[in-house]
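What follows is a set of notes on a single structure, which appears directly below.
So that the names make sense, note that chain A is the first sequence line, chain B the second, and so on, each numbered from 1.
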Protein chains: 2
Amino acid sequence: MRVTVDIVLFTIRERRLHLLLIRRLAEPFAGCFALPGGFVLADESVDAAAARELREETGVENVYLEQLYTFGEPGRDPRGQIITVAYYAMVPQTQLLQAGTDAADAAWFPVDALPDLAFDHQAIVAYAHTRIRNKLGYTNVGFELLPAKFTLSELQVVHEAILGEPLDKRNFRRRVQIQGIVKPTKEWRATGRKPAQLFRFKD
Amino acid sequence: MRVTVDIVLFTIRERRLHLLLIRRLAEPFAGCFALPGGFVLADESVDAAAARELREETGVENVYLEQLYTFGEPGRDPRGQIITVAYYAMVPQTQLLQAGTDAADAAWFPVDALPDLAFDHQAIVAYAHTRIRNKLGYTNVGFELLPAKFTLSELQVVHEAILGEPLDKRNFRRRVQIQGIVKPTKEWRATGRKPAQLFRFKD
DNA sequence: TTGACTAAGTGTTTATAAGACACTATTCTG
DNA sequence: CAGAATAGTGTCTTATAAACACTTAGTCAA
């Protein structure tokens, strides 16, 4: 039995949640889009394999990788009995541009307009999307999608992209301030209109 | 690389949350207590392996098995590179007695008084306990710990055992009734004192 | 310079959910 | 028949979530 890892790498582009796909060169599913990933090596932890594959295939490193679920139905890979441990990660739009240029045949797609995917990667993506939607309510998911300093409007865009629905500006701002997950800086960003105060995450 | 499954099987005994452990006969960790589990077979799904191992080692079948997490640190098994996919399941006290007699060298332990465990099974147990505590708030976890008909006091004991803290009787009953997760039957149980109405789960 | 446009920023009210809290009722036992 | 044990029942308070609109600061163009 062989074990692979697959990574759902999210980012926000143009106010929409995107994820990174790679065009497969080898069979099976040659030419198809698929999640970045690959085999766990000998004497390598599964977590380490996920970090390594992400780095090798997308150039992204030093991000928080969270394990999602292990998919182990026979027949999910035509090469034989191969189970995969799925992970997700997030990068801010700034970092993703570098990543996109490093990686060959990698491209960002909006989660609500994905091409056909190899293997059972469609199911993995759906699982990842559900997970981050749920975690948004009770954790700091979304922080990794932004640079160190950001405006509250930018943070709201992240939340709206993940949830797929608009949020009330005042309720949103009150919640993040009460929960104490951000703290204001003394910097302001000139965004072309009225300047916006920059915040950073606490801790 | 080989893949195993391990199952954390919960039940409630004497108002406390227990789980089932098996005394290992073979090396490594011979003589130690460990979670029921074993290797995934050729052409077997991981889910099916969990169900099969649970049946073989404890006699329990036809229960809902939920995947918890995959543990894949090298060194977690002295036999080599073996990752394990952890599951949890729950059985009512009635069923567990039969299971306990079927299985050789299986025993129930309170989760807050476990013996030393083989491998990284201590971490798996902690993960499972956290998972069911969290799920108690927003799902119907706990239903599988009770027979088809039960009193509200029995349901409260289940919740208290999982949370590890007492609950207010009136608030608890109001919540389960408002959430509409139980419906009353026309039966009453003579429990020795004042009879209690029996309920069943909706759907 | 001024008017139009764009995004930032700001409070109150209402509805819903959660938590604290104590007594009566029924049955069995001695 | 008195006492012990568990079942069952409402109200008030507090916290949390949701709905809702206008003012302000800056840019750009006429």
Side-chain angles (χ1 to χ4, degrees), chain A residues 12-16 93 133-142 146-147 149-200, chain B residues 12-16 93 133-142 146-147 149-200:
Chain A
I12 308 283
R13 305 180 97 194
E14 292 157 359
R15 298 175 163 254
R16 291 169 78 190
Q93 195 173 7
R133 256 195 309 254
N134 291 336
K135 288 201 83 169
L136 203 54
Y138 60 92
T139 66
N140 292 350
V141 164
L146 290 171
K149 295 170 187 172
F150 51 87
T151 69
L152 292 184
S153 294
E154 288 167 345
L155 182 58
Q156 184 174 345
V157 165
V158 166
H159 280 241
E160 289 174 334
I162 292 175
L163 294 174
E165 62 183 9
L167 298 172
D168 179 85
K169 193 201 287 192
R170 286 168 292 185
N171 291 341
F172 176 78
R173 292 162 103 94
R174 174 160 39 93
R175 209 173 59 232
V176 300
Q177 307 241 27
I178 284 178
Q179 290 179 347
I181 55 184
V182 298
K183 59 181 177 188
T185 70
K186 284 171 182 149
E187 297 175 63
W188 298 74
R189 174 176 300 163
T191 62
R193 306 299 174 188
K194 177 174 180 178
Q197 189 168 17
L198 292 176
F199 289 75
R200 48 170 78 247
Chain B
I12 308 282
R13 306 179 97 193
E14 293 157 359
R15 297 172 165 259
R16 292 168 80 190
Q93 195 173 6
R133 256 197 308 254
N134 290 337
K135 288 201 82 167
L136 202 55
Y138 60 93
T139 65
N140 292 349
V141 165
L146 290 170
K149 296 171 187 170
F150 52 87
T151 69
L152 293 184
S153 293
E154 288 167 345
L155 182 59
Q156 184 175 346
V157 164
V158 166
H159 280 240
E160 289 174 334
I162 292 175
L163 294 174
E165 62 184 11
L167 297 172
D168 179 86
K169 193 201 287 191
R170 286 166 293 185
N171 291 341
F172 176 78
R173 290 161 105 96
R174 172 161 42 98
R175 208 174 59 231
V176 299
Q177 307 241 25
I178 284 179
Q179 291 180 346
I181 56 185
V182 298
K183 59 182 177 187
T185 69
K186 284 171 181 148
E187 298 175 62
W188 299 74
R189 174 177 299 164
T191 61
R193 305 298 172 188
K194 178 173 177 178
Q197 189 168 18
L198 291 176
F199 289 75
R200 46 170 77 247

Mind listing the side-chain donor-acceptor pairs of residues 174-187 of chain A below 3.5 Å, one per line with the distance, residues two or more places apart or on another chain?
unit_1   : atom_1 : unit_2   : atom_2 : d
A/Arg174 : NH2    : A/Asn171 : OD1    : 2.5
A/Thr185 : OG1    : A/Glu187 : N      : 3.1
A/Thr185 : OG1    : A/Leu198 : O      : 2.8
A/Glu187 : OE2    : A/Lys149 : NZ     : 2.4

| What residues in residues 153-160 of chain B put a non-hydrogen atom under 4.0 Å from any atom of DNA chain C? |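 Residues of residues 153-160 of chain B that come under 4.0 Å of DNA chain C do not exist, since none gets that close.
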
Atom [atom1] of [X] and atom [atom2] of [N]: how far apart are they, to the nearest Å?
X	N	atom1	atom2	result
B/Glu165	C/dG19	CD	C1'	12 Å
A/Gln177	C/dG11	CD	P	11 Å
A/Ile178	C/dT10	CD1	C1'	14 Å

| Euclidean distance, B/Phe172 CZ relative to B/Leu155 CG, rounded to 0.5 Å |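 Answer rounded to 0.5 Å: 3.5 Å.
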
| task | Nearest 0.5 Å please: distance from the CG atom of A/Leu152 over to the CD atom of A/Gln197. | result |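 So the gap between those two atoms works out to 8.0 Å.
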
Just distance, no hydrogens or angles: give the donor-acceptor pairs under 3.5 Å from side chains in residues 158-165 of chain A, sequence neighbours left out.
unit_1   : atom_1 : unit_2   : atom_2 : d
A/Glu160 : OE2    : A/Gln156 : NE2    : 3.1
A/Glu160 : OE2    : A/Leu167 : N      : 2.8

| query | Do A/Glu154 and A/Gln93 have side chains that get closer than 4.5 Å, going by heavy atoms? | reply |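 A/Glu154 vs A/Gln93: side chains apart.
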
| Span of DNA chain D in contact with chain A (heavy atoms, under 4.0 Å) |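 Reading along DNA chain D, I get D/dA18 to D/dT27.
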
| task | State, to 0.1 Å, how close A/Asn134 and A/Tyr138 come at their nearest heavy-atom pair, and which atoms those are. | result |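 Taking every non-hydrogen atom into account, O-CE2, 3.2 Å.
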
| message | What does the B/S/- profile of nucleotides 20-30 of chain C look like, 5' to 3', with a 4.0 Å heavy-atom cutoff to protein? | response | BBB--BBBB--

| said: I'd like to check the side-chain hydrogen bond (donor to acceptor under 3.5 Å, both in side chains) partners of A/Arg173; sequence neighbours left out, ordered by chain and number. | reply: none

| Base, sugar-phosphate, or nothing: which does A/Arg175 touch, judged by heavy atoms less than 4.0 Å apart? | nothing

